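Comments concern the structure below.
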Amino acid sequence: MPEVSAVFHRMEKQVRDSFARFLADRFGAGVPVVIEQPKQSSFGELALPVAFTLARQLKKAPKAIAEELASQLPSIPGVAAVEVAGNGYLNVRLKRGEYAAALLSGAASAAEEVAGKIIVEHTNINPNKAAHIGHLRNAVLGDTFVRMLRASGRKVEVQNYIDNTGVQVADVVVGFRHLENKTLSGVKALIAAPRFDYYCWDLYARTSSYYHDHPEAVQWRRDTLHTIEHGEGEIAELAHLVADAIVECHLDTMWRLGIAYDVLPRESEILHLEFWKKAFEQLKERGAIYFVEEGKNKGCWVMGAAHFRDTPAGEEAGDDDAKVIVRSNGTVTYVGKDIAYQMWKFGLLGLDFHYKPLRTYPDGHPLWVATGEACDQPAPAFGGGTEVYNVIDSRQSYLQDVVVAGLRALGYNGQADRSIHFSYEMVALSPRTCVELGIPLSEEDSRKAYVEVSGRKGLGVKADDLIDKLIEKAKGEVDSRHAEKPEGERLLVATQLAIGALRYFLLKFTRNTVIAFDLQEALSFEGETGPYVQYAAVRARNILRKMAERGGTLPDFRAQLDAPKLDRQLQSEDFWQLLLAASRSSKALDAALAAGEPSHVARYAFQLAQAFNAFYHDYPILAEQDAEKRTFLLWLAVYCKEQLERSLEAVLGIPVPEYM
RNA sequence: GGGACCGUAGCUCAGCCGGAUAGAGCACCUGCCUUCUAAGCAGGGGGUCGCAGGUUCGAGUCCUGCCGGUCCUACCA
């Protein structure tokens, strides 16, 4: 049951419906009922600015209208009062005891079953080097969005596309062959050693700089790429070996943060199973692409710019503005393959991969990888989604537009509308952090506000290094507080804190904010951080643990608390505001989902943690002498704990440690 | 040249469909550990919301122009 606490949501709907009916009776249909959260908590729980909307059509002062409405409004179940405030706001005050009783009874409206499978594609790191901080933003954003969808009852399939036949893999192969003269068995030995991805990180940077100094060497890349695409021989074998090994490294890195996938579609299979050939036929047939006879794109198959770009009035987009889909040498561009892949995601291609199991995650979740030949194990049905989210950095929005335009040009308008580029801005490095990490900066770079991460230049913070650093720091903190605990336990707690710190750090920014990565900020466990939120949940757990240690047991809240008692306790503004905040977690999730902003959930969790921390400080629960109040406070703490845990673990993917 | 995004406190960022006195964290200053852990709590200073117009009862939010910054505009991905 995904919806644990939809009471607030239901209350809001109740008020909205009542108002809508009332307004429809008086003014006819068409008066929208907007519900806001009051600016200040002392104003009540819900605010309606309807009087402002009506002021225009009635040509009367908003305040007068509000007063009239308030006096004539029939009573609404669960609502204690509707007040006029400011220059025309209608503020709604809820019946606190009834509201709390509803929360206590666990009355939840069943989550609506939404048909159809959502496909979320994320991570998609070129398998030729270690993952870096920018890749982490993609993966954490994607994974959190997946958790948000699942928490709201949606069925989601997580795909991580592996570009194992691309230029970047070719470059590392060039490095092994031409720069290092490595044999197949030599590379195998490196793969068996730890941190093969780190080795390739350096090799890739070296190869790139070699091209820079020896432009003629680019021919090696062309030849290698061609051989890999063809798929046969020792070079191709080497490329597969490298890519597969790096993919394993990436999977390990991501799993450290609790990030898992359902299936890994691979570019090699897109080629060998002739996905592109099928898509190419359709694109030609429907006239979505055409062959260019002359000009700069002579000999290419291109998509006209009019498909994916607004053309200024009076101008005609020419062949030169078109996007090349098939190069003059007959090879297909990445976008072309992406169109085929996108069609497959919607089940529009009429082809499918074969699959084999790649690994089973420690929690039992299986991961499948696309293969060219059938394997004897029956695989689940992959692809064929009704909505597709591609978590891809915003610099690629032009390419994503082309992919969507491809679907549209094929007549798949619905699918085009449901192809969503879940874009986000890049992670860059602050110059200060570059200096700290010993990354050399050019004069030009050091003047900039931030420096772009570059795999090609080997410029960036490797994901595993950062995670290690966070664990190390957290371990020091845990050790100093819990020397008596076993080493293994302390390491577990430190790891959980590191995950919390990192995931929260990457989630607290809205998607279109460039993160100028600052090491000190990322390593912080204080203020608006994951550990702060984790701490609030841990404190709630501490209360219960302490109670148990003292021989106490948790009261039967439903038997001991009822609406009148709850109402009595909730006359305290502190308690009421905290309960209300905790009860809004579903609302926060809905809003975040509607906005496509995981950061909203992160922010909500932080705010709830703030409220709980203040409560924790002000009201020593176990020391409370009044029996009814003590029971109530315990319930409030338990409820907050549940809501914090739900937001952290189920939605944000941040574990809650036993202690910290 | 064309397109997209950004400019809010010293720094990093929130601010939902236009709405009530513009918020948070960091940094700085002052208090609070014999209590369920101070990774915390309470308080303080700090703002011409880039600039100029416009739309209206009302603009950080919408429109236009300008200034400053970033990204995209490959037969790379």
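As the structure is a prediction and not an experimental result, all values here were calculated from the model. Every chain is numbered from 1 and lettered A, B, ... according to where its sequence line falls, protein lines coming before strand lines.
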For this session: Map A/Ile515 and A/Tyr532 onto RNA chain B by nearest heavy atom, then report which one ends up closer to the 5' terminus.
Result: A/Ile515

For this session: Would you please say whether a donor-acceptor pair under 3.5 Å links the side chains of A/Gln342 and A/Asp338?
Result: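 Judged by distance alone, the side chains do not pair up.
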
For [X] and [Y], take the angle between the two ring planes, folded into 0 to 90°, and tell me which bin it lands in: parallel under 30, tilted 30 to 60, perpendicular over 60.
X: A/Tyr532; Y: A/Phe606; result: tilted
X: A/Tyr161; Y: A/Tyr341; result: parallel
X: A/Trp301; Y: A/Phe280; result: perpendicular

Exercise. Within the structure, does a side-chain N or O atom of A/Arg603 lie under 4.0 Å from either OP1 or OP2 of B/C13?
Worked result: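 Negative; the distance criterion is not met.
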
Problem set entry | A/Gln610 vs B/G40: side-chain N/O to OP1/OP2 distance below 4.0 Å |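 Answer is no, no contact under 4.0 Å.
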
Exercise. Would you find more than 12 non-hydrogen atoms of other residues, nucleotides or ligands less than 6.0 Å from A/Lys475 atom NZ?
Worked result: yes

Exercise. If you look at every strand shown and take non-hydrogen atoms under 4.0 Å, does A/Tyr659 touch a base, only sugar-phosphate, or nothing?
Worked result: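 Base contact.
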
For this session: Would you mind classifying the nucleic acid contact of A/Lys298 as base, sugar-phosphate or nothing, using non-hydrogen atoms under 4.0 angstrom?
Result: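 Counting heavy atoms under 4.0 Å across all strands, the contact made by A/Lys298 includes a base.
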
For this session: Please confirm whether A/Arg511 makes a cation-pi placement over A/Phe422, using NZ or CZ under 6.0 Å from the six-membered ring centre and within 45° of the ring normal.
Result: yes

Exercise. Under a cut-off of 3.5 Å for both distances of each Watson-Crick or G-U pair, what dot-bracket string does RNA chain B give, using [ ] for crossing pairs and | for inter-strand pairs?
Worked result: (((((((..((((.....[...)))).(((((.......))))).....(((((..]....))))))))))))....

Exercise. Ring centres of A/Phe525 and A/Tyr535 under 6.0 Å apart?
Worked result: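 When the ring centroids of A/Phe525 and A/Tyr535 are compared, they turn out to be at least 6.0 Å apart.
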
Exercise. Taking the six-membered ring for Trp, is the centroid-to-centroid distance between A/Tyr210 and A/Trp220 below 6.0 Å?
Worked result: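 Centroid separation for A/Tyr210 and A/Trp220: below 6.0 Å.
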
Exercise. Between A/Phe612 (CZ) and B/C41 (P), how many Å, whole number?
Worked result: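 Value for this atom pair: 12 Å.
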
Show each protein N/O and nucleotides 34-36 of chain B N/O combination with a separation under 3.5 Å, one pair to a line.
unit_1, atom_1, unit_2, atom_2, d
B/C36, OP1, A/Arg550, NH2, 2.2
B/C36, O2', A/Tyr616, OH, 2.7
B/C36, N3, A/Ile621, N, 3.0
B/C36, N4, A/Tyr616, O, 2.5
B/C36, N4, A/Tyr619, O, 2.3
B/C36, N4, A/Pro620, N, 3.1

Problem set entry | Nucleic acid footprint by protein, nucleotides 15-20 of chain B - heavy-atom cut-off 4.0 Å, B for base, S for sugar-phosphate alone | S-B-BB

